Amino acid sequence: MPGTEDFLMIDLPAILVAVLAALACALPGNFLVLRRQALMGDAMSHVVLPGIVAAYALTGDIAPLPMVLGALVAALVAVALIGGLQRVGGLEPGAAMGVVFTAMFAAGLVWLEQSGAGNAHLDVEHALYGNLEGTLWLGPASWGDLLRAESYRTLPTNLITLAGVTLAMLLLLGLFFKELAVTTFDPGLATGLGISERRVGLGLMAMVAVAAVAAFEAVGSIIVIAMFVCPPATARMLTDRLATQIWLSALFAALAGAGGYWLAAHLPLLLGSPNSLNAAGMVAVAAGAMQCLAMLLAPRYGVVVRAWRNGQGVTAS
Amino acid sequence: MVTLLKFRPRQRAIPADADSPLAVRGLTVAYGQEPVLQSVDFVAPEADLVAVVGPNGAGKSTFIKAVLGLQPRLAGEVSCFGRPVERQRALIGYVPQRSSVDWDFPASALDVVTMGLYGKIGWCRPVRARHRAEAREFLAQVGMADFAARQIGQLSGGQQQRVFLARALAQDARLYLMDEPFAGVDAATERAIVDVLRTLKSRGRTVLCVHHDLQTAPDYFEHLLLLSGRVVAAGPMATHFTTAALAEAYGVGVSLIGPAAVRAG
């Protein structure tokens, strides 16, 4: 059945990559949003580009490990530069981040044009919105093949990388949940308890950088930025418990990943247009739409509910 | 030269006040070029309640922060139970001003009190039911048992302050530094805070408390540190809370010092 084969070969790997990329970013994104450092996710997703290009220039290959290392180094340089600009230049944090990540991203783009433009896997277009549609699994031809071990030998490498990174994010959040929570809520108390705010903060930045580079490679910087911020912010509207917020953000990230891809493929057909939409863009749009819905309809913080409750209060008094 | 270095004593002679919960020597702090505190010397007595009093801008909060190392020190030494304060942070409980944290944080009153136990629980270990039960008892001690599940932003200012106090109790420190716990709280909270202070004292803990209200200072505290950019008076409340000292710190003609000074006299 050709429909099944297309789904298993083209749609399934792309959906999995979109969902995993969204999860890998949304999980650490929770703490970025709570630390009022949402812009840091934006910054990280941009500064990984010069890191990746540098790794490519040095090794001549796009293997995952050098790229992650290159991105990590670039992220650390960015964190140092942002801190330095605040101390030496007296810039406020937002301005310092804005200056550093735009300058580093632009430098990365210029370098990319010069060095790697000929390589199909590394060009300016992919840096922005990735290559979700180009993720192919040349293994299973029917549902039955999913049970056969050899089908999995041809799994796309970025799918494996993203699965590993997502798992690592889950593990790290589980292990350091207390430390991340207390340094975010009250750094002064954390220091008193022997939990260094600086170290945990740097650890979080490293997690963000790893998530950014893994997702960036597959889906481009647009999804990365949206996924760091949108699912956690949506989840925050719906709960007052930190653990619940993290699980909800994971749910919304997965929904945005799968739903965005499906919309990109089917929405134009439903509207009678023969073209399909850019999948990475649609994933980000879906995440944004969920955020809007939550802002309107959330049970406690939603605009509609609050307006209705205020109306009730007025009539009651 | 090398041999000389070898025989250099590792530590200087230990002064007599070495075992005091808090000994500050020559502490100087400046914001930029502006000196805020100048060569402050202070030794806190064991198991005592100390009021840190002074006019606005006297450097009371700065003193607390500089002691903890949250504010850089220009000069001076701070020791806690005979060792540099940086190495004794586990023995110190800090209750910051209420405005210092984000009350929109997704945490319940119980979650915040449980954070006081994180040092005891240890890195990477999960919070268990018995930890939460323990935290619940500390909440009960400040009269907040009914609000355990409430998100912290939905509590009143006084209730938030009591959550902070319960968290300080959970920390089980030996020295407490509190930055204006009485600021803008209701009468019930004020009583709860006084109860907590007395409990801490009876357990042999020392508490330094930035305090604004000169009327209540002699009732709530036994020891005084009166600051105005420098130490104006330091010692037992009964002998040091005098009209002359207050006039020196606040300037002459401040009507506030009238009744308080009368009571102290």
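Any value given below was found using the heavy atoms of this structure, including those in side chains, with hydrogens, waters and symmetry copies removed. Just so it is clear, the structure is predicted and the values come from calculations on it, not from any experiment. Residue numbers start from 1 in every chain, and the chains themselves are labelled A, B, ... in the order their sequence lines are given, proteins ahead of strands.
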Check your understanding: Within a radius of less than 6.0 Å around CZ of Arg89(B), do more than 12 heavy atoms belonging to other residues, nucleotides or ligands occur?
Key -> yes
**Study point:** Region of Ile152(B) in contact with chain A, defined by heavy-atom distances below 4.5 Å
**Key:** side chain
Review point. Does CH2 belonging to Trp247(A) count more than 12 external heavy atoms closer than 6.0 Å?
Key: no
**Study point:** Contacting region of Val95(B) [heavy-atom separation from chain A under 4.5 Å]
**Key:** neither
Review point. Which heavy-atom pair separates Phe176(A) from Cys124(B) by the least distance, and what is that distance?
Key: CE2-SG, 3.4 Å
Check your understanding: Can you say whether the rings of Phe105(B) and Phe185(A) are parallel (under 30°), tilted (30 to 60°) or perpendicular (over 60°)?
Key -> tilted
Practice item. Return yes if some donor-acceptor pair links the side-chain N/O of Gln245(A) with the main-chain N/O of Pro106(B) below 3.5 Å, else return no. Key: no
Check your understanding: Given side chains that start at C-beta, do those of Met115(B) and Asp186(A) come closer than 4.5 Å, heavy atoms only?
Key -> no
Revision key, fill the gap. Interface check, chain A: of Leu70(B), Ile92(B), Asp104(B), most non-hydrogen pairs under 4.5 Å belong to Asp104(B)
Exercise for review: Examine distances only and state if a side-chain atom of Lys178(A) and a backbone atom of Gly122(B) form a donor-acceptor pair shorter than 3.5 Å.
Suggested key: yes
Practice item. Mind running side-chain contact (heavy atoms from CB on, under 4.5 Å) on Asp240(A) and Gln154(B) for me, showing each step along the way? Key: CA-CA 10 Å; Asp240(A) 279 330; Gln154(B) 325 266 333; 4.3 Å; yes
Check your understanding: chain A: which of Arg167(B), Gln151(B), Lys65(B) shares the most heavy-atom pairs with it under 4.5 Å?
Key -> Arg167(B)
Revision key, fill the gap. Okay, Asp111(B) and chain A: the region with an atom under 4.5 Å from a heavy atom over there is side chain
Point to revise | Toward chain B, the part of Arg35(A) with a non-hydrogen atom under 4.5 Å | key: neither
Review point. What pair of heavy atoms forms the shortest contact from Ser108(B) to Arg241(A), and how long is it?
Key: OG-NH1, 3.8 Å
**Study point:** Residue part contacting chain B, namely of Val200(A), when any heavy atom lies under 4.5 Å
**Key:** side chain
Check your understanding: For chain B, which of Ile195(A), Leu193(A), Thr239(A), Thr244(A) has the most heavy-atom pairs under 4.5 Å?
Key -> Leu193(A)
Check your understanding: Which bit of Gln171(B) comes within less than 4.5 Å of chain A, counting heavy atoms only: side chain, backbone, both or neither?
Key -> side chain
